[in-house]
Structures are given as structure tokens and as C-alpha cells.
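A short worksheet on the structure shown next.
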Amino acid sequence: MNNIKSYVENNRDRFLSELIDLLKIPSVSADSKHKPDMLKTAEAVKKNLLEAGCDSAEICETPGHPVVYGEKIIDKNLPTVLVYGHYDVQPPDPLDLWNSPPFDPVIKETEIHPEGAIFARGACDDKGQMYMHVKALEYMTKNDALPCNVKFMIEGEEEVGSEHLAWFIENNREKLQNDVILISDTGMIAKDTPSITTGLRGLSYMEVEVTGPNRDLHSGLYGGAVANPINVLSKMIASLQDEDNRITIPGFYDNVKEYSEAERAKMAEAPFDLEEYKKKLDIADVQGEKGYSTLERASIRPTLDVNGIWGGYIGEGAKTVLPSKAYAKISMRLVSDQDWENISELFTKHFESLAPKSVKVKVTTHHGGQAYVTPIDTLEYQAANDAYAEAFGKDPIPQHSGGSIPIVSLFEKELKSKTILMGFGFDTDAIHSPNEHFGIWNYLKGIETIPLFYKHFTKLKQAE
Ligand code: BES
Ligand code: MN
Ligand code: MN
């Protein structure tokens with residue numbers, strides 16, 4: 001497969017311009033006004049799949065945003081790779097913090113992307129990474145280098161909890177049959193330090209509403225005598241973590257998998273520079289659960305974070321008011337073997353119990369998903385390892401990530417195959433933030449590495 005490198009080099013400009021076209025469509029799944037854009041993106045992905053060599057591709061309606069499915073079956077007796085990705089993106093807000101419009105992609109050089117990076121919402125998460133697979137397929141079909149069957153399942157609701165993908169999978173088990181699931185929707189450590197994601201955190205996303213008096217009150221006439229729901233909510237939230245930054249919800253840590261000293265020492269071998277980390281974020285110090293390193297806190301330990309808090313007067317100037325209501329969105333990142341539904345229940349019970357009689361509390365669950373950990377002594381991991389070794393000239397480091405792709409644990413349960421998380425983004429690519437970008441080097445390296453996975457996987461599978 002020596003010519004993959006030259007194929008990528010020769011087609012570089014087209015690979016970039018096709019991705020840029022895809023990035024121009026604002027496929028924000030959370031915002032109903034973008035519903036037509038979701039369909040437009042799905043149509044574009046379907047067309048891309050057919051052009052890249054799929055025998056068939058279709059837009060599959062769901063009760064929510066559609067799933068794009070495509071396949072190329074060359075021989076029923078050969079193994080099948082199922083590629084998963086998502087064409088939806090996070091809302092681009094806050095817009096004023098973007099240096100160029102989020103859906104008007106531009107290429108700019110940065111310190112760690114001297115070859116240039118594409119700046120646009122979805123550049124890395126996940127349109128750019130998903131599209132690497134489409135171009136890898138194009139290479140394989142055009143160069144007679146596709147060694148096995150391939151199926152694509154590209155969804156439009158990942159950023160809002162994949163609500164209807166479970167439904168889609170349950171209704172299409174047969175069609176989705178595969179030998180391995182391949183996903184590029186995570187990151188890698190650095191250009192000279194390839195890594196494969198072997199763990200993802202779970203998620204439990206809650207919203208709370210605290211109600212005090214039945215209307216907003218004059219804070220002079222009533223302040224001090226009637227509970228202020230924002231004051232109360234702040235106290236309740238503050239009490240959710242103790243002085244060691246451990247979460248105080250009873251039972252929260254009951255099922256948390258503890259890693260052995262040997263396993264932790266192995267994980268600590270991954271390169272990480274705390275000073276650099278702080279400098280990049282412009283913070284004087286880090287903070288987290290006592291007894292764990294920064295890397296551990298951000299990967300193998302569960303967390304609780306307020307994502308947004310609001311209520312009262314936030315307009316210009318000052319208004320003296322004792323508000324009637326206060327709200328917060330609170331997420332918990334979970335690890336194996338915590339169960340997200342159980343954690344949501346524990347949170348609800350505990351949060352309700354924290355409320356003084358002076359307020360009413362309403363807790364709702366938004367969405368969630370289980371954590372995911374994959375062993376590395378499998379044929380699937382070996383194939384990925386071999387692909388990276390060939391593309392990078394060194395073995396990749398297996399690494400737990402702090403992010404979540406809740407649907408992954410369901411894939412294994414429903415489809416009974418292993419997942420390989422081949423991510424090519426960097427943590428600094430600002431996914432979900434203003435100025436999201438994806439390095440051109442990363443994009444092309446991904447396209448180059450993916451066919452090698454197909455090659456090694458098919459080889460190992462046939463020798464089984
Ligand atoms: N691709 C990310 C998850 C990710 C990014 C994992 C980097 C590992 C490294 C995915 O699109 C995402 O953003 N997931 C959400 C969860 C979802 C339910 C909204 C997340 O992690 O917040
Ligand atoms: Mn993603
Ligand atoms: Mn995302």
C-alpha cells in the first residue's frame with residue numbers, strides 16, 4: 001500500500017475542498033431551525049459515500065434526524081468493517097468569540113498546525129474525522145485495495161444524545177452485522193505520539209429548577225426574610241463536592257472501578273506536561289479529586305460540573321430583585337462500572353433532600369450513557385496497533401479519554417462486536433468551543449492510516 005501516501009498527496013486539495021463544502025452546512029442538531037440543514041448534510045454525505053465507491057447509500061428516516069447508511073459488499077465471506085460517525089455539530093455559540101464565521105471555513109496556520117488547520121464548527125468533531133473514512137474508502141476502491149466489506153452508519157444526533165440511534169440499531173440489527181466497529185471521533189496525544197482511545201466516560205446530564213416565592217420580589221422589602229432561590233441553589237451545588245473535591249452524593253462511588261497501582265503507573269507513562277497544560281489554559285493551578293493526577297482526573301475518575309446556571313436579572317445595569325426561580329444544568333462524567341440511570345436517580349434523590357423547606361426543587365434528567373472500556377489483548381486492537389505502527393513508525397499508546405460517545409457501549413451490546421476508536425484530533429482543537437479546527441496534517445494522516453487498519457484487520461481475521 002505504498003501509494004496511499006502519494007494518492008493522499010495528489011488529491012490533497014480536492015480532499016480539503018470537499019470537506020470545506022460539508023463544513024459550510026450548519027448541521028446543528030440541537031436547534032430545530034436547522035432541520036433543513038440536517039437533511040441537506042445527510043444528502044451530501046450520501047452523495048459522498050456513493051462517489052467514494054459505496055454500492056448503495058440511503059437516508060434512513062428516524063423519529064429525529066436521519067441516519068445515513070451506505071455499504072460496499074465485495075464478498076460475503078470476507079470480514080465487514082462498520083464505520084460510525086456523526087454529521088451533526090454543536091451549536092457555534094458564542095458567535096462573537098469566533099475569529100471567522102463558524103460555517104465559513106478558513107485555513108490558517110497555528111503553532112501546532114504549521115501545515116495549516118481548517119477552522120469551522122465540526123471541522124474536527126466530527127465532520128472532518130468522519131470524512132477521513134469516506135476518503136480512505138475512495139482510495140481503497142479506486143486502487144483495488146479494499147480487502148473486505150464496509151458499512152457506514154453516519155448519524156445526526158450524536159451531539160444531542162443519540163436518542164434515535166438506539167432505535168435505528170434495534171430495527172436494523174441484520175443490516176448492521178459486522179466484525180468490528182471503527183470510529184474516528186476522539187483524539188490522539190501528539191504528532192509523534194500516536195494513541196488509540198481505549199476508554200470513554202459515561203454521562204448523566206441533569207437540569208434543576210429551584211423555586212422560591214411565587215413571583216419576583218423587591219429585594220429590599222423581602223430580602224433577608226424570604227429564601228432567594230439563587231442563593232439556595234448556589235449552596236446546594238457547593239455542597240455536592242467536599243474539600244477533597246469528592247462528590248458527596250451517597251452511593252456515587254459505589255461501582256467506580258479502581259485501577260491497580262500497576263495499571264496507574266502504566267497510564268502515567270503517557271507524555272503529559274502539567275506546566276504546559278496550565279500555560280495553555282492560562283490558569284495558575286489545576287484542581288481536582290485528591291489523590292489523583294490531572295490525567296487521571298480527566299479520564300478514569302468521575303466528575304460533576306455545572307454547565308450553566310441562570311436566574312434573576314442579568315441585563316445591563318443593576319436591578320434589585322429577589323428572583324422567584326433559579327436553574328442549573330449539571331452533568332456528571334461517569335466511569336465503569338457506574339450505571340448512568342442509577343446515578344441520575346441517586347442525584348435526584350440527593351438533590352431533592354438538600355432543599356430547605358423554603359424552596360421547591362424540580363430535577364429532570366436530560367440524557368446519559370454508559371462509560372466504555374475496551375481491552376487491548378484483542379485481534380481488533382492488534383490490527384489497529386499494526387496500522388498505526390506502519391503509518392507512524394511506532395506503536396500507539398492506549399489511552400483513556402475523558403469524553404463520551406454514549407452509543408459505543410450500546411453498539412457492543414446490540415451488535416456484539418468490538419469498537420476501535422481511532423481518533424486523530426488534538427485536545428487543543430477547540431471542539432465544542434469557538435474557533436474549532438482540525439489540522440490538515442491530522443486529516444491526511446487519518447486518511448493514510450485507515451486503509452492500513454482494513455489491511456491488518458482482514459489479514460489477522462483470516463488467519464484466525
Ligand atoms: N466526539 C465527542 C466525544 C469525544 C471527544 C470523546 C474527544 C473523546 C475525545 C462527541 O461528539 C461528544 O462531544 N460527546 C459529548 C456527549 C454527547 C452525549 C453530547 C460529550 O462528550 O460531551
Ligand atoms: Mn463527536
Ligand atoms: Mn461533540
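All values reported here derive from a predicted model rather than from experimental measurement. Numbering of ligands and ligand atoms starts at 1, following listing order. Any value given below was found using the heavy atoms of this structure, including those in side chains, with hydrogens, waters and symmetry copies removed.
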Within the structure, does T186 bring an N/O atom to less than 3.5 angstrom of an N/O atom in ligand 1?
no
A student checking ligand 1 against P406 at a 4.0 Å heavy-atom cut-off should list atoms 18 (C)
Which protein heavy atom lies closest to atom 6 (C) of ligand 1, and at what distance to 0.1 Å?
G403 CA, 3.7 Å
Within less than 2.8 Å of the Mn ion (ligand 3), any N, O or S from E159?
yes
For E258 versus Y292, what's the shortest heavy-atom pair and its separation?
OE1-OH, 3.2 Å
Residue part near ligand 1, for V160, under 4.0 Å between non-hydrogen atoms
neither
Applying a strict 4.0 Å limit to heavy atoms, is R333 in contact with ligand 1?
yes
Would you say D282 has more than 12 foreign heavy atoms packed within less than 6.0 Å of its CG?
no
Taking the inter-plane angle between the rings of W310 and Y327 on a 0 to 90° scale, is it parallel (under 30°), tilted (30 to 60°) or perpendicular (over 60°)?
parallel
Salt-bridge present (E276, K280; N to O < 4.0 Å):
yes
Is E158 close enough to the Mn ion (ligand 2) to have an N, O or S atom under 2.8 Å?
no
Around atom CG of L97, are there more than 12 heavy atoms of other residues, nucleotides or ligands at under 6.0 Å?
yes
Under-4.0 Å salt bridge between E412 and K418
yes
Below 4.0 Å, non-hydrogen atoms only: which portion of S162 touches ligand 1? Side chain, backbone, both or neither.
neither
Quick test: of every protein heavy atom, which one is nearest to atom 19 (C) of ligand 1, and how far off is it to 0.1 Å?
E159 O, 3.5 Å
Pair H113 and F426, ring centroids less than 6.0 Å apart
yes
May I ask you to list the atoms of ligand 1 that are less than 4.0 angstrom from any heavy atom of I431?
5 (C), 7 (C)
The Mn ion (ligand 2) to D185: any N/O/S contact under 2.8 Å?
yes
Just heavy atoms, cut-off under 4.0 Å: does H432 contact ligand 1 by side chain, backbone, both, or neither?
side chain
Which N, O or S atom of D125 lies nearest to the Mn ion (ligand 3), by name
OD2
If you measure every N/O of S401 against every N/O of ligand 1, is any gap under 3.5 Å?
no
Would T197 count as a contact of ligand 1 if the rule is a heavy atom under 4.0 Å away?
no
Among Y7, F15, Y454, ring-ring contact (aromatic ring centres under 6.0 Å, His included) partner for Y139
Y7
Any chance you could lay out the side-chain hydrogen bond (donor to acceptor under 3.5 Å, both in side chains) test for Q129 and D125, step after step, and finish with the verdict?
CA-CA 7 Å; Q129 297 214 67; D125 185 11; over 6 Å; no
Under 4.0 Å, heavy-atom basis, I'd like to know which part of H86 is in contact with ligand 1: side chain, backbone, both or neither.
side chain
Under 2.8 Å: N/O/S of H86 next to the Mn ion (ligand 3):
no
If you measure from the Lys or Arg side-chain nitrogens to the Asp or Glu carboxylate oxygens, is any gap between E296 and R301 under 4.0 Å?
no
What class does the angle between the rings of F453 and F457 fall in, given that below 30° is parallel, 30 to 60° is tilted and above 60° is perpendicular?
parallel
Centroid-centroid distance, Y388 to F424, less than 6.0 Å:
yes
Distance to 0.1 Å, residue and atom name: give those for the protein heavy atom nearest to atom 17 (C) of ligand 1.
E158 O, 3.7 Å
For atom 16 (C) of ligand 1, what's the nearest protein heavy atom and its distance?
S404 O, 3.6 Å
Among D88, L203, D185, which residue places a heavy atom closest to atom 1 (N) of ligand 1?
D185
